[in-house]
Amino acid sequence: QVQLVESGGGLVQAGDSLRLSCAASGRTFSSYAMGWFRQGPGKEREFVAAINWSGDNTYYADSVKGRFTISRDNAKNTVYLQMNSLKPEDTAVYYCAADPTRVAPFRGVYWGQGTQVTVSS
């Protein structure tokens, strides 16, 4: 059991950076794989990035490789998504998710409420 709350979204211009945070409640965070999904306007939810419990294995969608970095701080029960060189096509609601079982393939079992990221050109 875990509750996830995202923060850090906002309105930025193309080329800007944002860092999303996901704070987890509960004692199970350190054993969970964590990840991010996003859902753009009129689009289906898609996988963005995932990270294993120790933080030494990460996975990214091709669309964000080289621009986004996922990390976690288990002492703070927090996972981050550093987003650089943002593009208008990155505009979406970003959801934090937890998978108690595996990092790959990652699927969300527990979900946050989402945070809006809007990138203008």
Side-chain angles (χ1 to χ4, degrees):
Q1 295 290 331
V2 62
Q3 292 184 320
L4 307 172
V5 180
E6 303 95 333
S7 62
L11 174 62
V12 299
Q13 294 185 337
D16 286 352
S17 297
L18 278 175
R19 189 175 77 158
L20 305 183
S21 298
C22 174
S25 300
R27 296 185 178 182
T28 58
F29 177 82
S30 62
S31 64
Y32 285 10
M34 300 294 297
W36 294 88
F37 288 79
R38 67 185 183 185
Q39 186 168 17
K43 301 173 64 177
E44 295 185 353
R45 186 173 296 186
E46 65 175 346
F47 169 77
V48 176
I51 187 168
N52 73 329
W53 67 270
S54 63
D56 58 349
N57 288 312
T58 57
Y59 302 86
Y60 298 95
D62 289 341
S63 59
V64 306
K65 286 181 180 177
R67 299 188 299 120
F68 290 12
T69 302
I70 188 171
S71 62
R72 67 191 297 164
D73 186 339
N74 289 344
K76 297 181 178 180
N77 290 340
T78 302
V79 62
Y80 305 96
L81 185 68
Q82 177 67 45
M83 304 184 294
N84 298 329
S85 301
L86 283 163
K87 305 175 181 179
E89 49 263 46
D90 294 319
T91 295
V93 177
Y94 284 72
Y95 297 91
C96 178
D99 188 331
T101 305
R102 61 182 61 83
V103 66
F106 182 84
R107 63 181 298 159
V109 176
Y110 303 100
W111 297 86
Q113 83 288 351
T115 185
Q116 177 71 47
V117 173
T118 302
V119 184
S120 62
S121 59

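Source: prediction; values computed, not measured.
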Asks: Disulfide bond (SG atoms under 2.5 Å apart): which pairs involve residues 52-90, sequence neighbours left out?
Replies: none

Asks: Looking at Phe68 and Tyr60, what are the two nearest heavy atoms and their distance?
Replies: O-CE2, 3.3 Å

Asks: Write down the atom of Val2, the atom of Ala98, and the distance for their closest heavy-atom approach.
Replies: CG1-CB, 4.2 Å

Asks: Which residues pass the side-chain hydrogen bond (donor to acceptor under 3.5 Å, both in side chains) test with Gln3, sequence neighbours left out?
Replies: none

Asks: Roughly how far, to the nearest 0.5 Å, is CG of Asn52 from OH of Tyr32?
Replies: 15.5 Å

Asks: Could you name each residue pair satisfying disulfide bond (SG atoms under 2.5 Å apart) that touches residues 29-59, not counting sequence neighbours?
Replies: none

Asks: Looking at residues at least two apart in the chain, or sitting in another chain, which of them share a side-chain hydrogen bond (donor to acceptor under 3.5 Å, both in side chains) with Gln116?
Replies: Thr118

Asks: Report the distance from atom CD1 of Ile70 to atom CG of Leu20, rounding to the nearest 0.5 Å.
Replies: 10.5 Å

Asks: Tell me every residue that passes salt bridge (Lys or Arg N to Asp or Glu O under 4.0 Å) with Asp56, counting only those two or more places apart in sequence or in another chain.
Replies: none

Asks: Tell me which pairs pass salt bridge (Lys or Arg N to Asp or Glu O under 4.0 Å) where either residue lies in residues 4-20, with sequence neighbours left out.
Replies: none

Asks: Scan residues 48-85 for pairs that pass disulfide bond (SG atoms under 2.5 Å apart), counting only residues two or more places apart or in two chains.
Replies: none

Asks: Any side-chain hydrogen bond (donor to acceptor under 3.5 Å, both in side chains) pairs touching residues 80-90, not counting sequence neighbours?
Replies: Ser17-Asn84, Arg38-Asp90, Arg67-Asp90, Gln82-Asn84

Asks: Who pairs with Val109 by side chain to side chain contact (heavy atoms under 4.5 Å, CB included), at least two apart in sequence or on another chain?
Replies: Asp99, Pro100

Asks: Please check: side-chain N/O of Thr58 versus main-chain N/O of Ile51, any donor-acceptor pairing under 3.5 Å?
Replies: no

Asks: Under 3.5 Å, is there a donor-acceptor pair between the side chain of Asn74 and the main chain of Asn77?
Replies: no

Asks: What distance separates Leu18 CG from Leu86 CG, expressed to the nearest 0.5 Å?
Replies: 5.5 Å

Asks: Could you tell me which non-hydrogen atom of Ser121 sits nearest to which non-hydrogen atom of Ala14, and how far apart they are?
Replies: CA-CB, 4.3 Å

Asks: For Leu11, what are the other residues in its hydrophobic cluster, where any two members join if their side-chain heavy atoms are less than 4.5 angstrom apart?
Replies: none

Asks: Does Thr78 use its side chain to pair, donor to acceptor, with the backbone of Lys76 at less than 3.5 Å?
Replies: yes

Asks: If I compare all heavy atoms of Ala24 with all of Leu4, which pair ends up nearest, and what's the gap?
Replies: CB-CD2, 3.7 Å

Asks: With rounding to the nearest 0.5 Å, note down the distance linking OH in Tyr94 to OG1 in Thr115.
Replies: 10.5 Å

Asks: Please write out which residues are connected to Phe47 in a hydrophobic cluster, directly or through intermediates, given that two of Ile, Leu, Val, Met, Phe, Trp, Tyr count as joined at side-chain heavy-atom separations below 4.5 angstrom.
Replies: Phe37, Tyr59, Val93, Tyr95, Val103, Phe106, Trp111

Asks: Would Gln13 and Val119 count as a side-chain contact (heavy atoms from CB on, under 4.5 Å) here? Give the steps.
Replies: CA-CA 5 Å; Gln13 294 185 337; Val119 184; over 6 Å; no

Asks: Considering non-hydrogen atoms only, spot the tightest contact between Arg72 and Trp53 and give its length.
Replies: NH1-CA, 3.4 Å

Asks: Would you list the pairs meeting disulfide bond (SG atoms under 2.5 Å apart) in which at least one residue belongs to residues 75-121, sequence neighbours left out?
Replies: Cys22-Cys96

